[in-house]
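Scope of the values below: all heavy atoms of this structure, side chains included, with no hydrogens, waters or symmetry mates. Order of the sequence lines sets the chain letters (A, B, ...), proteins ahead of strands, with each chain counted from 1.
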4 protein chains.
Amino acid sequence: MVDVTGATSESKRTKKDADVGGIGAGQLRSFVERIERLEEEKKALSGDIKEVYAEAKGNGFDTKIMRKVISIRKLEDAERQEQESLLELYMAALGMVPQQAAE
Amino acid sequence: MVDVTGATSESKRTKKDADVGGIGAGQLRSFVERIERLEEEKKALSGDIKEVYAEAKGNGFDTKIMRKVISIRKLEDAERQEQESLLELYMAALGMVPQQAAE
Amino acid sequence: MVDVTGATSESKRTKKDADVGGIGAGQLRSFVERIERLEEEKKALSGDIKEVYAEAKGNGFDTKIMRKVISIRKLEDAERQEQESLLELYMAALGMVPQQAAE
Amino acid sequence: MVDVTGATSESKRTKKDADVGGIGAGQLRSFVERIERLEEEKKALSGDIKEVYAEAKGNGFDTKIMRKVISIRKLEDAERQEQESLLELYMAALGMVPQQAAE
DNA sequence: GCTCAAAAGTGCAGCC
DNA sequence: GGCTGCACTTTTGAGC
């Protein structure tokens with residue numbers, strides 16, 4: 001049998017579930033479940049977004065254009081942040097402290 | 001100027017923010033903001049997942065294999081759901097009604 | 001004028017069709033035509049598939065269920081391949097070499 | 001057991017593989033296999049296309065731009081066909097016969 | 001015509 | 001740091 005932990009173990013004693021391959025299988029299980037839980041939440045959010053688009057369409061809006069608008073706003077936001085980080089860089093280079101870094 | 005609402009308006013009165021193009025711009029704004037909020041939450045979850053992988057890696061696990069394991073589990077889950085929907089389909093084909101349709 | 005070859009050329013002499021932008025335009029043309037030919041074949045196959053479904057429907061089969069069945073078979077096949085690649089991954093992690101890599 | 005043929009049968013005798021649900025299961029199997037074969041060929045072609053792109057990249061071409069070029073050519077071709085079919089329509093309306101369909 | 005699912009294209013992260 | 005492979009997004013096509 002192979003090491004299902006995915007851990008780079010060197011002993012590979014394969015004792016029991018709680019300690020397989022020299023590294024905690026229970027720990028691995030924990031990581032995997034946490035990730036799967038988070039991915040489910042992501043999936044749920046995707047569903048929510050889909051619903052909002054559906055609702056918007058039901059109110060006569062063109063979702064294709066909406067998506068475009070949102071993507072543009074995202075781009076602009078990214079640019080803005082880019083500019084801000086550049087500004088901070090300049091300020092740091094000039095020995096200035098940022099008034100208040102936005103959290 | 002073009003109609004940025006994406007609404008299938010015919011009047012395009014462009015009065016104020018609350019009513020552009022014959023359909024509520026405020027309503028559109030609301031939809032857009034809801035979507036952007038949800039997308040932010042998704043992004044945050046992606047970050048969380050990334051962190052978990054990093055933590056796992058810090059504990060000696062091979063993230064590449066972990067990802068593979070998770071993808072397989074996802075596949076198995078997908079197949080299970082497929083089986084269920086197929087069963088429903090067969091039942092429908094046989095004129096049977098589902099005992100209780102899950103809401 | 002811009003470089004339509006897509007090649008990372010530095011000269012941009014734009015002599016003739018056989019040599020544009022310092023890199024063979026004829027070569028590019030060849031690649032493009034090969035791709036377009038392959039895509040046409042793909043499209044033809046899609047048409048063939050459509051025809052088979054139509055024929056099946058003409059013989060009294062429910063194409064919706066057929067599609068479902070086929071998708072499930074595909075899923076099962078995908079999972080099988082996933083399992084195999086996972087096995088390879090495990091073996092690699094254990095420093096084992098594959099007996100013989102299937103061509 | 002349910003009717004796996006997907007056929008809209010009313011008898012559902014479920015005799016054996018060659019005749020399930022009143023309609024030929026063997027026939028269904030034939031349809032399914034034909035479709036799966038065609039889909040495999042499609043997949044193979046996708047792989048071929050991928051290879052051509054890789055080869056082009058290896059020769060210094062920018063595949064992203066290549067894809068753009070190809071998509072534009074496809075669009076232009078669609079437009080051209082649109083024009084031609086319109087022309088044919090006009091000619092038919094005028095009682096003219098098409099000389100010979102352009103290759 | 002609208003909705004939904006499959007396919008393609010794009011962008012990103014991990015790896016060499 | 002370039003590249004391959006992967007995930008997400010977008011687009012296209014089929015079904016109802």
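Salt-bridge annotation for Glu40(C) and Lys43(C): absent, with no side-chain N of the basic residue lying under 4.0 Å from a carboxylate O of the acidic one. With salt bridges taken as basic N to acidic carboxylate O contacts below 4.0 Å, none links Lys74(D) and Asp77(D). Taking the charged nitrogens against the carboxylate oxygens, Glu82(B) and Lys68(C) do have a contact shorter than 4.0 Å, which makes a salt bridge.
Comparing Lys50(D) and Glu39(B) against DNA chain F, the residue whose closest nucleotide sits nearer the 5' end is Lys50(D). Both Ser46(C) and Lys74(A) sit near DNA chain F, but only Lys74(A) has its closest nucleotide nearer the 5' end.
Distance CD1 (Ile70(D)) to P (dT11(F)): 19 Å, rounded to an integer number of Å. The distance between atom CG of Asp62(C) and atom P of dC16(F), rounded to the nearest whole Å, is 7 Å. The CD1-P distance, from Ile35(B) to dT10(F), rounds to 11 Å in whole Å. Between Leu45(A) atom CG and dT9(F) atom P the separation is 11 Å, expressed in whole Å. The distance between atom OH of Tyr53(A) and atom P of dT10(F), rounded to the nearest whole Å, is 7 Å. Per the geometry, CD1 belonging to Ile49(C) stands 13 Å off P belonging to dA6(E), to the nearest Å.
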Arg73(B)/Val32(A) under side-chain contact (heavy atoms from CB on, under 4.5 Å): CA gap, chis, key distance, verdict: CA-CA 10 Å; Arg73(B) 283 167 62 107; Val32(A) 168; 4.1 Å; yes

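Of the candidate nucleotides dG9(E), dA7(E), dC15(E), dG9(E) has the atom nearest to the side chain of Arg67(D). Of all nucleotides listed (dT9(F), dA14(F), dA13(E)), dT9(F) comes nearest to the side chain of Lys42(B).
Residue Lys64(B) places no side-chain N or O under 4.0 Å from the OP1 or OP2 atom of dC6(F).
Lys57(C) comes within contact range of no nucleotide atom at all, as no heavy-atom separation falls under 4.0 Å. Residue-level contact check: Lys43(B) touches neither bases nor backbone, having no heavy atom under 4.0 Å from any strand.
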